[in-house]
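Naming convention: chains lettered A, B, ... in sequence-line order (proteins, then strands); numbering from 1 in each chain. Since we're looking at a predicted model, the values are computed, not measured.
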Amino acid sequence: MTEESYLPGEEEQDLPEQIAIRLAKRERLLSSGVEAYPVSLPISHTIDAVRAKYPDLEIDVATGDTVALAGRVMFQRNTGKLCFATLQAGSGSRIQVMLSQEKVGESNLEHYKDLVDLGDHLFVSGEVITSKRGELSVLVDSWQIAAKTIRPLPNLHNELGEEYRVRHRYVDLIVRDRAREVVKIRSQVMQSMRKTFIERTFIEVETPMLQTIHGGASARPFKTHSNAFDTELFLRIAPELFLKRAVVGGIDRVYEINRNFRNEGADRTHSPEFAMLEAYEAYGDYNTMAELTQSLIQNAALDVFGTLQVELEDGEINDLSGEWDRISMFESLSNASGVEITPETDIAVLKKLADKEGLEIDHPLHGKYVEELWEHFVKGSLTKPTFVMDFPVDTSPLVRNHRSVAGVVEKWDLYIRGYEQATGYSELVDPVIQRERFVEQARLAAAGDPEAMKLDEEFLKALEFGMPPSGGMGMGIDRLLMTLTGLGIRETIMFPLVK
RNA sequence: GCGCCUCUAGCUCAAUCGGCAGAGCAACUGACUCUUAAUCAGUGGGUUCCGGGUUCGAUUCCCGGGGGGCGCACCA
């Protein structure tokens, strides 16, 4: 799609017809000494306020109440001597305005018909009345263009195409109630989660997004360069290693909600930049973090929708109620596959099972086979919210060993409707074991795994100063919005990346 | 990154077995003092994503490029 551009005073011949016509109207306004974009207007009421004040007037009533308000023109019905327009506020609420020749005069009404287009912001003042059909209206004494629109709105009687909605989200927000609603829901969910954290005396912090070493997860990073430091920098893939430094420093209950960046594929559930919540609690463990996570999500559902039976876009009900199940990864895999699988099971056995199931896994790690097999056998059957507990050690380098089960770590993943929603750990705080794990990762990196972590000496140094036993959790915010609405990730993010 | 599908007016979409490109809404002109997707009469608006090829003729067929969608891979 090519985009037209224009400069004031230039030839407008190549512009689309409707833009040229509207630019000419703007010029006509200006040359008659009228502002097309006035700096301020004496607004007395919002559209919502007028609607709230007069919820149910009779037909054909004059209130004697004069109001001054503004809104975007969404519909116009211009007749000879009595014109109607529907104004819309940013909230989406609408009110009808009426201009009669009797009230404003013939030439003023002609000006109105000549200059006001669909989409313009219009200021009016006049009496609140109801029309002969009973529609709550403002009978206009005077009007003024509040902002002249140069581009026409799309027609309101067809759904916008997916691409247009994403590329012109501001238009989408004007014409589609649900788009406005989703923005509001997202804001309310964030508020609710911050409320839950405040109740539990957590402190919100912001840690670096530009990092010299990317760590805390395994994913390909975006690279950039600092001119001042003449060094390569990475956009963070996770805030984990900095939040743990904060815990070392005595910020015992700490969380961050901010963007992570991962240079991976994008689909219905993945975006290159995505909002992430991470929280750490000194003297907590993965059990307390599971409880926290369940509370965060349940509180959000209650605060925003007033129910734990959340209705999704397709009408299905997502039941978030009750105490969420906790199942063991190895146990559930053994049950579902019919083969006893433990951390001691020989990798050759796992390979054979994977081959039999038609899974192509080419990876050196035992744990990778366990996780892939688990996804194959168990993941699809999880519909209720479920914590999957106790992961293989070799794929979870930042998690401490299980307190009583050998070969696994104290890590859970929370699945809701088959999507991985959150993860939680009992954090590894032993600097010696952490170093060993990092060295192992670096060894894998050398073997050609580009996503394995580099050694973060500064983080290790922080651990050497002593990190208290802690629980940690991470949750994708965009994913949470998807879980609560049933929308795709590009609908939960207001301005998703487009080329 | 790979495979399949797709791109036509401001918006949503038709059509072309290769032969003057259409509709609804929007726009423009006119009529209309109670409309509310107002109505009625009329008018204009297109590099059919871009570049090349085949052809008397390409928007349609072929090749290349770009945007978008879906699936697979990677990842949360």
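Side-chain proximity of A/Pro152 to B/rA76, B/rG69, B/rG10: nearest is B/rG10. For A/Ala219, taking side-chain heavy atoms from C-beta onward, the closest of the listed nucleotides B/rC34, B/rC11, B/rC75 is B/rC75. Among the nucleotides B/rC25, B/rU33, B/rC34, the one closest to the side chain of A/Asn155 is B/rC25. Residue A/Pro154 has its side chain nearest to B/rC11 when only B/rC11, B/rC75, B/rU33 are considered. Residue A/Asp267 has its side chain nearest to B/rC74 when only B/rC74, B/rG10, B/rC11 are considered. Comparing B/rU33, B/rG67, B/rC11 by their nearest atom to the side chain of A/Leu160 picks out B/rC11.
The main-chain N or O of A/Val116 is found under 3.5 Å from a side-chain atom of A/Gln76 such that the two form a donor-acceptor pair. A donor-acceptor distance shorter than 3.5 angstrom exists from the side chain of A/Ser137 to the backbone of A/Glu135, with no hydrogens or angles considered.
Each of A/Arg28, A/Arg22, A/Lys25 was compared with A/Asp114 under the salt bridge (charged side-chain N to carboxylate O under 4.0 Å, His left out) criterion, and only A/Arg28 meets it.
Distance NZ (A/Lys25) to C1' (B/rC28): 9 Å, rounded to an integer number of Å. The nearest whole Å value for the distance from the CD atom in A/Glu102 to the P atom in B/rC32 is 17 Å. Put simply, OH on A/Tyr112 is 14 Å from C1' on B/rU33, counting in whole angstrom units. When rounded to the nearest whole Å, the span between NZ of A/Lys368 and P of B/rA73 equals 12 Å. Here the P atom of nucleotide B/rC70 and the CZ atom of A/Arg268 are 8 Å apart, to the nearest Å. For the pair A/Asp117 CG and B/rC25 P, the interatomic distance rounds to 18 Å; values are reported in whole Å. Rounded to an integer number of Å, the gap from A/Asn78 CG to B/rA26 P is 11 Å. The nearest whole Å value for the distance from the CG atom in A/Leu156 to the C1' atom in B/rA37 is 9 Å.
Comparing the C1' positions of B/rA37 and B/rG24 gives a spacing of 11 Å, expressed to the nearest Å. A distance of about 31 Å separates the C1' atoms of B/rC4 and B/rA23, rounded to the whole Å. With both ends at atom C1', the span from B/rC7 to B/rU60 equals 14 Å, rounded to whole Å. Across B/rG19 and B/rC74, the matching C1' atoms stand 49 Å from one another, rounded to whole Å. Nucleotides B/rG64 and B/rU39, compared at atom P, are 49 Å apart to the nearest Å. Between the C1' atoms of B/rC63 and B/rC11, the separation comes to 33 Å (whole Å). For B/rG46 and B/rG52, the P atoms lie 22 Å apart once the distance is rounded to whole Å. Nucleotides B/rG44 and B/rU29 place their P atoms 14 Å apart, quoted to the nearest Å.
Under 3.5 Å, the side chain of A/His270 and the base of B/rC75 form at least one donor-acceptor pair of N or O atoms.
Nucleic acid contact class of A/Glu135 (heavy atoms, under 4.0 Å, all strands): base. Residue A/Gly265 is classed as a base contact, given a heavy-atom separation below 4.0 Å to a base. Residue A/Arg165 is out of contact with every strand shown, counting any heavy-atom pair closer than 4.0 Å. Among the heavy atoms of the strands, none lies under 4.0 Å from A/Thr423. Across all strands, A/Leu153 comes closer than 4.0 Å to no nucleic acid atom at all (heavy-atom distances). Using a 4.0 Å heavy-atom cutoff across all strands shown, A/Arg490 reaches sugar-phosphate atoms only and no base atom. No engagement by A/Gly474 is indicated, since no non-hydrogen atom pair under 4.0 Å with the nucleic acid exists. At a threshold of 4.0 angstrom between heavy atoms, the contacts of A/Gln96 include nucleobase atoms, whether or not backbone atoms are also involved. Within 4.0 Å of A/Met98, counting heavy atoms only, lies at least one base atom of the nucleic acid. Within the nucleic acid shown, A/Thr86 has no heavy atom closer than 4.0 Å to any nucleic acid atom. If you check every strand for non-hydrogen atoms under 4.0 Å, A/Tyr419 touches nothing.
By the 30° and 60° cut-offs, the orientation of the rings of A/Tyr170 relative to A/His168 is perpendicular. Using cut-offs of 30° and 60° on the angle between ring planes, the pair A/Tyr112 and A/Trp143 is perpendicular.
Salt bridge status for A/Arg51 with A/Asp48: absent, with no side-chain N to carboxylate O gap under 4.0 Å. Between A/Glu491 and A/Arg169 there is a salt bridge, since at least one side-chain N of the basic residue sits less than 4.0 Å from a carboxylate O of the acidic one. A salt bridge does not link A/Lys368 with A/Asp394: every distance from a Lys NZ or Arg NE/NH1/NH2 to an Asp or Glu carboxylate oxygen is 4.0 Å or more. Salt-bridge annotation for A/Lys132 and A/Asp60: absent, with no side-chain N of the basic residue lying under 4.0 Å from a carboxylate O of the acidic one.
By the stacking rule of 5.5 Å between ring centres and under 30° between planes, A/Phe75 does not stack on the base of B/rA37.
For the contact set between residues 54-63 of chain A and RNA chain B, defined by any heavy atom under 4.0 Å, there are no members.
The structure places CD1 of A/Ile237 at 11.5 Å from CZ of A/Phe222, a figure rounded to the nearest 0.5 Å.
Scanning RNA chain B for stems, defined as runs of 3 or more consecutive Watson-Crick or G-U wobble pairs whose donor-acceptor distances all fall under 3.5 Å, gives the following ranges: B:1-7 with B:66-72, B:10-13 with B:22-25, B:27-31 with B:39-43, B:49-53 with B:61-65.
Atom NE2 of A/His376 sits in a crowded spot, with more than 12 heavy atoms from other residues, nucleotides or ligands closer than 6.0 Å.
Map A/Arg479 and A/Glu159 each onto its nearest nucleotide of RNA chain B; the residue landing nearer the 5' end is A/Glu159. Along RNA chain B, the nucleotide closest to A/Ile129 and the one closest to A/Ser271 are compared, and the more 5′ of them pairs with A/Ile129.
Residues forming a side chain to side chain contact (heavy atoms under 4.5 Å, CB included) with A/Glu106 (at least two apart in sequence, or on another chain): A/Gln101. Listed by chain and number, the residues in a side-chain hydrogen bond (donor to acceptor under 3.5 Å, both in side chains) with A/Glu313 are A/Arg178 (sequence neighbours excluded). Under the rule for a side chain to side chain contact (heavy atoms under 4.5 Å, CB included), the partners of A/Thr423 that lie at least two apart in sequence or sit in another chain are A/Lys411, A/Asp413, A/Tyr425.
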side-chain hydrogen bond (donor to acceptor under 3.5 Å, both in side chains) between A/Asp390 and A/Ser328: does it pass, once the steps are laid out?
CA-CA 6 Å; A/Asp390 302 336; A/Ser328 148; 5.3 Å; no
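Within the structure, every side-chain polar atom (N or O) of A/Lys132 is placed at least 4.0 Å from both OP1 and OP2 of B/rC34.
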Return the polar atom pairs (N/O with N/O) between nucleotides 42-48 of chain B and the protein under 3.5 Å, or none.
{"from": "B/rG44", "atom 1": "N2", "to": "A/Glu17", "atom 2": "OE1", "distance (Å)": "2.2"}
{"from": "B/rG44", "atom 1": "N2", "to": "A/Glu17", "atom 2": "OE2", "distance (Å)": "3.0"}
{"from": "B/rG44", "atom 1": "N3", "to": "A/Glu17", "atom 2": "OE2", "distance (Å)": "3.4"}

